[in-house]
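Read through the structure below, which is laid out as structure tokens, and then see the notes.
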There are 6 protein chains.
Amino acid sequence: MNLLAVGAHPDDIEFGCAPVLIKEIRKGNQVKLLVLSRGEAGTTGTPDLREREARDAAAKMGASIEFLDFGGDCNLQYTPENRLRIAREIRIFRPSILLATHPGENQHPDHSVVGKLTRDAARLARYGGLLKPLASHKIDNLFYYNVTQHGLTPDVVIDIGDVVDEWEAVMKCHASQVNSRSYIDLQLSATRLLGLSVGVGHALGLYANDPLRLDALSDITLSSRNF
Amino acid sequence: MNLLAVGAHPDDIEFGCAPVLIKEIRKGNQVKLLVLSRGEAGTTGTPDLREREARDAAAKMGASIEFLDFGGDCNLQYTPENRLRIAREIRIFRPSILLATHPGENQHPDHSVVGKLTRDAARLARYGGLLKPLASHKIDNLFYYNVTQHGLTPDVVIDIGDVVDEWEAVMKCHASQVNSRSYIDLQLSATRLLGLSVGVGHALGLYANDPLRLDALSDITLSSRNF
Amino acid sequence: MNLLAVGAHPDDIEFGCAPVLIKEIRKGNQVKLLVLSRGEAGTTGTPDLREREARDAAAKMGASIEFLDFGGDCNLQYTPENRLRIAREIRIFRPSILLATHPGENQHPDHSVVGKLTRDAARLARYGGLLKPLASHKIDNLFYYNVTQHGLTPDVVIDIGDVVDEWEAVMKCHASQVNSRSYIDLQLSATRLLGLSVGVGHALGLYANDPLRLDALSDITLSSRNF
Amino acid sequence: MNLLAVGAHPDDIEFGCAPVLIKEIRKGNQVKLLVLSRGEAGTTGTPDLREREARDAAAKMGASIEFLDFGGDCNLQYTPENRLRIAREIRIFRPSILLATHPGENQHPDHSVVGKLTRDAARLARYGGLLKPLASHKIDNLFYYNVTQHGLTPDVVIDIGDVVDEWEAVMKCHASQVNSRSYIDLQLSATRLLGLSVGVGHALGLYANDPLRLDALSDITLSSRNF
Amino acid sequence: MNLLAVGAHPDDIEFGCAPVLIKEIRKGNQVKLLVLSRGEAGTTGTPDLREREARDAAAKMGASIEFLDFGGDCNLQYTPENRLRIAREIRIFRPSILLATHPGENQHPDHSVVGKLTRDAARLARYGGLLKPLASHKIDNLFYYNVTQHGLTPDVVIDIGDVVDEWEAVMKCHASQVNSRSYIDLQLSATRLLGLSVGVGHALGLYANDPLRLDALSDITLSSRNF
Amino acid sequence: MNLLAVGAHPDDIEFGCAPVLIKEIRKGNQVKLLVLSRGEAGTTGTPDLREREARDAAAKMGASIEFLDFGGDCNLQYTPENRLRIAREIRIFRPSILLATHPGENQHPDHSVVGKLTRDAARLARYGGLLKPLASHKIDNLFYYNVTQHGLTPDVVIDIGDVVDEWEAVMKCHASQVNSRSYIDLQLSATRLLGLSVGVGHALGLYANDPLRLDALSDITLSSRNF
């Protein structure tokens, strides 16, 4: 199975959803990271350095990575052209599962834009009249992850206790960012809180864009009920 | 696996979620129906008749059924005593999955009350200081179903195409209700609309009380994306 | 009375709100369809064919129709220029009632954009400093319709039982679309479900952008209460 | 046509929705006020005085009035018995339109309870198995009014400019309440603000419990669009 | 200034909002804890033990504490009588600030009930016709705290870094509860996550029942903006 | 302390939040108005006249004022370039408190755009890689004001009784607008209604973009509770 994760900045995917990707890679699935800027607006780190850090992080995870130039950090726009560029990547990599930052507002504007572009791109990838001659592709599921917003109840929760150490190592690849601020601590506090809430050590929450389709209710055998 | 479905009236469970229960029974799981009134307020049908219809329907499904007296149709109340009575049933049957009518308001008031009572009962069933000497029980998941409200986007969708004929036969057991009104047509229209929306013939939607816990994202292999 | 319906694609209006338009035409009102693309992105059907299908459908309904080029299917953008182009059409046709696809997100992005553009255009049409020398126009009411989203409780419900056959014939004009997918079945299931919910055969629901102004409460003499 | 308005305290109906009732009375419709306490908890005014004030106000409006004892001001409870008592009144008076205080929380708890009881009573009044031998009754529409909450966008807006003087006189009947606090000023400010928002002098907003059913869209000939 | 905090169980206040109370006590304000059960339903700890633990915790904080018998743990009900009992306590202690568990549903039912009872009691305490001859009292502000729900964005955030050690010691007074489960870890994870989100070590979030009234905008001199 | 208020049109700030700004100026704080168009689309008044009116109003308030050209009234767009232009102004004026029109939709589209642009600009102003060599600036708080929407419960309420006369004089500076429509009456009705709701003569409500951070709960000494 192929999973494609989209992020606005070189560290978004690693901070926001790397643990679930690491779990998939361990299961033998193919994971690709699609990064839409090189962090040009950051207070610390040059674009070249930030790209290198992201490539190191992807390599450590066992994921492939690709950078697209959408005009640079803080310049991402919700336009038909940008939607189509992501749709093109979806047609090429043909993921079953797609992940992007949450489209909700009141966060870094690039995060919201990436969520909206990716959501729409997943539809456009299905329409036969577009992007010829690339064959249409229909993803199965689209999930959203958070980078710095942690105030919404997730739809899906995944125990990440077995990959939390590897996750921390992956986050540390972004040395230009984590040395000056408490990003790693923030993410681990969020997964610790959610983990305790559901009865495990650390858990990551995601948001489903569509209803989850099950073959039968009893296919869900785990529980998130702890308090 | 045990599944317990709770309804206010003799036909709520059959109209609202029987197809997913039938699927579970076909898989070999144990399903019990807990009915909290005998339809005393209905315009048609006597309480005795309605109980018989429900027992026939349960038998046809292959489910066990039990009636509890909570004061009769239109008399269900959200009280600690009533919560405890359902918690007692949970401790006795020990279900992994619990289903109840949606607790949202602006519907038959009994439906909302059953949703709230069952939601709370699932917590109380865990607390050691209550209902001694019955052993505590922690359910894994609580889902809500609709009877006549069809205006909310569900969290979970299940293809019921293979059981829709059996479902219709089960609904017809409630002859005192279905002869005078379009209940069966209403339910089949709702599952037809949702089915077409997700790309199958008929589908039933449910609402999750808690985040769904997965071992890995790729455990979800079906898709509800069709339009 | 003039009614103007705006759609992104050649079949949006027919699938989403044609029954209420047919009722108005039968009452002697003037209905115009404004279509903002020629379905260039569709998997089936050429733009020329799709325009012809839409013109046939409009003729069958008794509505006038006009196509505007906004850059093509999947290219509609929420920009001041596009708002003004719709405002210009409002000033020319001077409708009392305006209809557009719902502006909510998580649907075909063109549908959301058409809802937002039309909503804003209805304001701009009032401002004297714009679009001179076309005289300002103030619409009375703006309603939204759905094309493939059917999960919101409508604000307004209209019995369409007397026009459902004509509606089906109108939808069938879009042969390039309806032969390959279950669009007609989807719409009829939605209006059937809503119809049963309110006690008629088929009903269409709409969303009001503004509070409905009545002269007196008793002007509302019909009821949507059935379950 | 009959309209039944339900209030918790002797002045709720007068302050919250009297202008729309006065308009109905002027049109020749029958209006009845159902009051569920005698204001026993008020800081000023005795129960006897408050009942007299309400009877005076009803007489001035041309409405009939009835007091029911539900245990007194601040003692209203959301119970099956209380629902049935209101359902009984519905069956006796047989209104087409029913009005009650909004069921939302975070206001005087009696107001929320009256909204919930009345909403449910309107359903129960339909069920043949209840309240025999009183014949079942199905209302057409249920609207909610505000007493002191003014922060929700209404669903329906009605110009009350022609009855605002009579309304003020009706409110002044509750001398024990209005002399000590700014109730009248509060209501007139709310209707003035809403009136200006929709382009008239004073307007009252109401909330619809169910979608409004129209025969055709063009039946709505007024507009609430002003800014 | 007097602050009154209301909790359903002997440890609710300590786990949910003790840090802000400790800060007030250090400033010289009077804090009283009102506890509405003795934890009778708990899996561990007897009622006597749990009351002793709570008294120890209150003493360590420097707060007074009072237990009221509302029928015991898991038996709290939203009734007029119970509202009045809390209103009576409000009239006696005359707090400016009142705190209670959040009234939202889908948590321990007692928590929701305490939130609703306290919210309503704060209104009833103002009405002159009730609870004579105790003088009416109007609180200034009502805030809600969480015990185990941590998924809502708070309205108010308070840095608790300087009292976190004392808070931990206070929580440890509830030895019968904290030895068997991860309650303390859960609370500290939540305040750590919120603290990092706003740029401090630990912060507690609260929910305001009413708009906050300021004399001037510039009275707010701190910031919660960090990411 | 510096406060920066951003508006789309020459009179937005004066109508929407001038009273709180006047209070700050009286306290000795510096207030700057940033206006993003010259009202080119208005039915009455030329751009030159409207700019003069705004400069007169600012002078009367004691605020500085600056006009930026974003393409003119009804042409404001949510683009990265426009965000950066506001971020630049933030870095130059370095406000602690920032105010903008509410970003919610279904109002004049420029109002929503100004809210979104300003919200994002406040983030971008912090990022070191942007707008060099202007030094980064972090605002403390962002509040939104309304111009013509008055249907949301505010987060913050401020008594403006002592400045309401001055506010009215400031609004009257916009003679080209206020002579033809009831803008002043609309604003005064809204502040009168909110004022009565909280127990004062006139009050203005604002919306907080982020949780309010307090040093201690008891720092809030005023109350908005009146009904």
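Labels below follow one simple rule: chain letters A, B, ... track the order of the sequence lines, proteins then strands, and each chain is numbered from 1.
In this structure, a donor-acceptor pair under 3.5 Å is absent between the side chains of E:D12 and E:Y145. Between the side chains of F:H202 and F:T191, at least one donor-acceptor pair of N or O atoms lies under 3.5 Å. With hydrogens and angles left out, the side-chain atoms of F:Y183 and F:D11 include no donor and acceptor closer than 3.5 Å. Side-chain atoms of F:S218 and E:E24 include a donor-acceptor pair closer than 3.5 Å.
Interface residues of residues 26-36 of chain F toward chain E, defined by a heavy-atom distance below 4.5 Å and sorted by number: F:K27, F:N29.
Each of E:I139, E:V198, E:T153 has some count of heavy-atom pairs under 4.5 Å with chain F, and the biggest count is that of E:I139. Taking F:V156, F:L217, F:I158 one by one and counting their heavy-atom pairs under 4.5 Å with chain E, the maximum is reached by F:L217. Counting heavy-atom pairs closer than 4.5 Å to chain E, the top residue among F:A203, F:G205, F:P154 is F:P154. For chain E, the option among F:V20, F:L3, F:D159, F:I220 with the highest count of heavy-atom pairs below 4.5 Å is F:I220.
The part of E:V200 that comes within reach of chain F is its side chain, from C-beta onward, which places non-hydrogen atoms under 4.5 angstrom from that chain. Proximity to chain E is absent for every atom of F:I160, based on heavy atoms less than 4.5 angstrom apart. Proximity to chain F (any heavy atom under 4.5 Å) is shown, for E:A208, by neither the backbone nor the side chain. With a threshold of 4.5 angstrom between heavy atoms, E:R123 approaches chain F through its backbone and through its side chain. Neither the backbone nor the side chain of E:L21 comes within contact range of chain F; no heavy atom of the residue lies under 4.5 Å from a heavy atom of that chain. In this structure, the portion of E:F143 lying under 4.5 Å from any heavy atom of chain F is its side chain and not its backbone.
Looking at E:S37, its side chain does come within 3.5 Å of a backbone N or O of E:A8 through a donor-acceptor pair. Side chain of F:R213 to backbone of E:S224: no donor-acceptor contact under 3.5 angstrom is found. Listed for the F:D219 side chain is a donor-acceptor partner under 3.5 Å among the backbone atoms of F:A216.
Ring orientation note: the planes of E:Y144 and E:H102 are tilted relative to one another, at an angle of 30° to 60°. Taking the six-membered ring where the residue is Trp, F:F15 and F:H174 present tilted rings, their angle falling between 30° and 60°.
Side-chain atoms of F:Q187 and F:W167, non-hydrogen and from C-beta on, do get closer than 4.5 Å to each other.
Ion pair F:K116/F:E105 flagged as a salt bridge, since at least one NZ, NE, NH1 or NH2 atom sits closer than 4.0 Å to an Asp/Glu carboxylate oxygen.
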